[in-house]
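Written below as structure tokens is the structure these notes are about.
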2 protein chains.
Amino acid sequence: MGTTQLESVPEPKYWHLKTVLSDALDSEFAVGEVLPNERELAARFGVARATLRQALEQLELEGRLQRRRGVGTTVAPPRVGVAVGDYAHGWADTSGEDSWRTVDSVEAVPPAAVARLLETAPDTPVHRVRRTRMSHGRPLAAELLYVPAESVPGLAAIETPSGPARARAVLRELRRLELEGRERSVELGSARADDAKELDRLPGAPVLVVTTRYVTEGRTAAVAVATYRADTCRLTFGDGAGEELLAG
Amino acid sequence: MGTTQLESVPEPKYWHLKTVLSDALDSEFAVGEVLPNERELAARFGVARATLRQALEQLELEGRLQRRRGVGTTVAPPRVGVAVGDYAHGWADTSGEDSWRTVDSVEAVPPAAVARLLETAPDTPVHRVRRTRMSHGRPLAAELLYVPAESVPGLAAIETPSGPARARAVLRELRRLELEGRERSVELGSARADDAKELDRLPGAPVLVVTTRYVTEGRTAAVAVATYRADTCRLTFGDGAGEELLAG
DNA sequence: CAGTGGTCTAGACCACTTC
DNA sequence: AAGTGGTCTAGACCACTGC
């Protein structure tokens with residue numbers, strides 16, 4: 001009766017390590033503070049560096065740590081609440097601390113999955129506008145906005161065919177459409193090389209992929225695929241009633 | 001002039017491996033098919049098993065593969081589109097292929113973050129209803145619903161204090177409230193041990209954490225924290241206009 | 001340049017599922 | 001008992017940052 005089933009299911013070392021580190025972060029470290037390097041931490045806990053890294057990886061995934069090659073591991077600030085889909089009525093570049101930066105626009109054939117949403121034939125090129133979402137000077141998200149030519153009929157063919165000016169022209173035309181609704185999905189992905197670069201992360205970094213389908217007159221006017229840094233972002237979706245407590 | 005800068009930025013082996021495997025999955029494997037085991041794959045590609053595993057991990061994160069200890073690695077079906085927040089008006093257990101299963105309810109002190117949202121004092125116990133969301137017989141999500149006593153005043157104190165019957169009683173009372181709105185956030189997390197068990201995954205598995213705050217009469221009526229399997233789920237958010245193409 | 005995190009190896013053993 | 005994926009080790013070298 002006295003046998004209390006101690007450690008009959010021993011948890012993995014890296015899991016226990018993660019708990020210990022997590023508690024230490026709460027009590028002994030301030031946001032921004034740098035941790036001892038991996039080799040020292042591993043030695044201090046008496047584990048191999050790979051095991052220690054497994055624990056750090058989890059904590060980074062949860063947004064508790066930030067690791068940068070050549071620099072070190074620092075305590076991350078709490079995740080930012082990022083409102084998706086509340087940037088006023090469409091595609092305006094807002095200003096201030098949280099804003100979209102329009103990069104450029106090119107003609108391109110969208111990936112098959114996007115073409116399906118756009119209801120265009122698989123090889124039809126469309127306008128592809130690249131934007132970056134910044135907050136307090138740091139990149140939050142990289143977005144590719146796919147716009148079929150039919151959605152922006154007013155676009156003069158003579159204008160410059162690519163680059164930032166073209167991108168703004170596409171957005172300007174898009175803003176004239178009346179939206180009937182939006183449809184969104186969120187899933188986990190890993191950053192492609194180009195997105196990773198914009199997000200200041202390594203390729204393969206975990207991202208939240210937000211796919212938005214904009215509907216007008218029963219058609220799909222445009223499709224946006226935005227990849228948000230999963231380590232730093234908490235996506236918030238309001239439905240208009242009341243202040244956004246969650247966005248805190 | 002002829003020097004075309006080949007491989008001046010060599011990509012990591014596991015990254016290249018991932019690409020190769022991903023292509024192979026598209027062209028040579030069917031959904032549900034089992035791959036050769038890790039030791040053999042590693043040998044076949046001439047890399048260490050750890051390196052191969054790094055590639056497999058990424059593919060699993062992207063929902064391309066499913067790995068089960070003692071069984072093997074299989075090709076995963078495309079992610080399910082899961083509608084969050086469309087289960088008809090509140091907390092009804094829907095039936096059919098996609099449904100919530102109410103597990104139980106206990107009195108418990110919510111985590112600090114939840115207490116803050118509920119606007120209750122940190123140590124106030126509340127009703128905690130546990131539910132599981134199933135689709136086609138497989139677990140999609142595990143949810144903890146926190147309901148302050150004030151939100152369900154009609155709850156008779158004499159009823160059984162915990163268990164499934166109590167859980168249903170709480171939900172029944174909750175359904176009488178008129179909701180003014182909902183506020184949602186989505187972020188990446190890793191499964192706690194208890195959630196992992198319900199989701200049929202190992203602890204630490206990547207999950208999408210959906211936090212919902214239900215508002216009524218300016219107050220927070222309840223807070224739900226649902227953890228969805230990130231490997232199998234794509235969360236969809238409609239806003240009511242038109243069919244859900246993304247839910248595919 | 002020194003110091004950091006990122007990649008990679010070649011092994012070992014463990015936990016779990018299946019037969 | 002055999003076979004799978006999961007954990008862990010002790011090393012090595014690479015890529016990047018900052019002084």
Side-chain angles (χ1 to χ4, degrees), chain A residues 7-19 21 32-61 64-76 190-191 193 196-197 200-206 231, chain B residues 7-19 21 32-61 64-76 190-191 193 196-197 200-206 231:
Chain A
E7 291 295 338
S8 92
V9 183
E11 55 187 1
K13 274 190 191 177
Y14 78 89
W15 187 259
H16 182 240
L17 205 48
K18 179 192 139 184
T19 313
L21 284 167
E33 199 168 341
V34 311
L35 269 60
N37 71 54
E38 296 185 349
R39 290 162 179 86
E40 177 173 343
L41 278 178
R44 189 180 300 186
F45 287 108
V47 299
R49 192 176 152 219
T51 305
L52 186 264
R53 277 179 62 80
Q54 218 172 334
L56 294 184
E57 252 147 50
Q58 286 250 357
L59 289 169
E60 191 179 26
L61 203 75
R64 308 284 316 268
L65 292 178
Q66 177 133 21
R67 300 193 287 172
R68 270 174 304 167
R69 166 151 55 173
V71 180
T73 301
T74 57
V75 180
S190 45
K197 203 172 164 188
D200 194 21
R201 301 250 57 199
L202 290 177
D231 55 344
Chain B
E7 292 295 337
S8 90
V9 183
E11 57 186 1
K13 274 190 190 176
Y14 77 91
W15 186 259
H16 181 239
L17 206 48
K18 180 193 140 185
T19 313
L21 284 168
E33 199 168 342
V34 312
L35 269 59
N37 71 53
E38 296 185 349
R39 290 163 180 86
E40 176 171 343
L41 278 178
R44 189 179 301 187
F45 287 108
V47 299
R49 192 177 152 218
T51 304
L52 172 79
R53 277 179 62 79
Q54 219 173 333
L56 294 183
E57 251 147 51
Q58 286 251 353
L59 288 169
E60 192 178 26
L61 202 76
R64 307 286 315 269
L65 292 178
Q66 178 133 17
R67 301 193 286 172
R68 270 174 303 168
R69 168 153 53 174
V71 180
T73 301
T74 57
V75 180
S190 45
K197 202 173 165 188
D200 195 21
R201 302 252 54 200
L202 291 178
D231 55 344

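Throughout, a chain's letter reflects where its sequence line sits, starting with A, and its residues are numbered from 1.
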Donor-acceptor list for residues 39-50 of chain A side chains, cut-off 3.5 Å, not counting sequence neighbours:
residue, atom, partner, partner atom, Å
A:Glu40, OE2, A:Arg44, NH2, 2.7
A:Arg49, NE, A:Glu38, OE1, 3.0
A:Arg49, NH2, A:Glu38, OE1, 3.0

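For the pair B:Leu21/B:Leu52, a side-chain contact is recorded, criterion being any heavy-atom separation below 4.5 Å from C-beta on. For the pair A:Leu65 and A:Leu56, the minimum side-chain heavy-atom distance is below 4.5 Å. In this structure, B:Leu61 and B:Pro206 have side chains that are in contact, with non-hydrogen atoms separated by less than 4.5 Å. Taking the side chain as every heavy atom from C-beta outward, B:Ser190 and A:Lys18 approach each other to under 4.5 Å. Proximity of A:Trp15 to A:Gln58: side-chain heavy atoms (C-beta onward) are separated by under 4.5 Å at one or more points. The shortest side-chain heavy-atom distance between A:Asn37 and A:Thr73 does not fall under the 4.5 Å cut-off.
The distance from atom CH2 of B:Trp15 to atom P of D:dA15 is 17 Å, rounded to the nearest whole Å. Taking atom CZ on A:Arg201 and atom C1' on D:dT17, their separation rounds to 15 Å, with Å as the unit. Whole-Å rounding puts the A:Leu65 CG to C:dG6 P distance at 11 Å. The NE2 atom of B:His16 sits 16 Å away from the C1' atom of C:dT7 (whole-angstrom rounding). A:Leu56 has its CG atom 14 Å from the P atom of D:dC8, to the nearest Å.
Considering only the side chain of A:Lys13, D:dC8 comes nearest among D:dC8, D:dG6, D:dA15. For A:Arg53, the listed nucleotide lying nearest its side chain is C:dG5; candidates were D:dT17, D:dG5, C:dG5. Listed candidates were D:dG5, C:dT9, D:dT9. Nearest to the side chain of B:Arg49 is D:dG5. Side chain of A:Arg69, nearest nucleotide from C:dC8, C:dT17, C:dG5: C:dG5. For A:Asn37, counting side-chain heavy atoms from C-beta on, the closest listed nucleotide (C:dT17, C:dG5, C:dT9) is C:dG5. Listed nucleotides C:dA10, D:dA10, D:dG5 differ in distance to A:Ala48; the shortest reach to its side chain belongs to D:dA10.
Residue A:Glu57 is the one, among A:Glu57 and B:Leu52, whose nearest nucleotide of DNA chain C lies closer to the 5' end (criterion: closest heavy atom). Nearer to the 5' terminus of DNA chain C, by closest-nucleotide assignment, is the contact made by B:Val47 (compared with the other of B:Val47 and B:Val71). Projected onto DNA chain D by closest heavy-atom contact, A:Gln54 and B:Gly70 fall at different nucleotides, the more 5' of which corresponds to B:Gly70.
Regarding contacts with the backbone of D:dG6, a side-chain N or O of B:Arg67 is found under 4.0 angstrom from either OP1 or OP2. The phosphate of D:dT4 has neither OP1 nor OP2 within less than 4.0 Å of any side-chain N or O from B:Thr73. A sub-4.0 Å separation between OP1 or OP2 of D:dT7 and a side-chain N or O of A:Tyr14 is present. Taking only side-chain nitrogens and oxygens, B:Thr51 never comes nearer than 4.0 Å to OP1 or OP2 of C:dT7.
Across all strands, A:Leu202 comes closer than 4.0 Å only to sugar-phosphate atoms, never to a base (heavy-atom distances).
Using a 4.0 Å cutoff on non-hydrogen atoms, the parts of residues 38-46 of chain A near DNA chain C are A:Glu38, A:Arg39, ordered by number.
Under a 4.0 Å N-O distance rule, the pair A:Arg201/A:Glu60 qualifies as a salt bridge.
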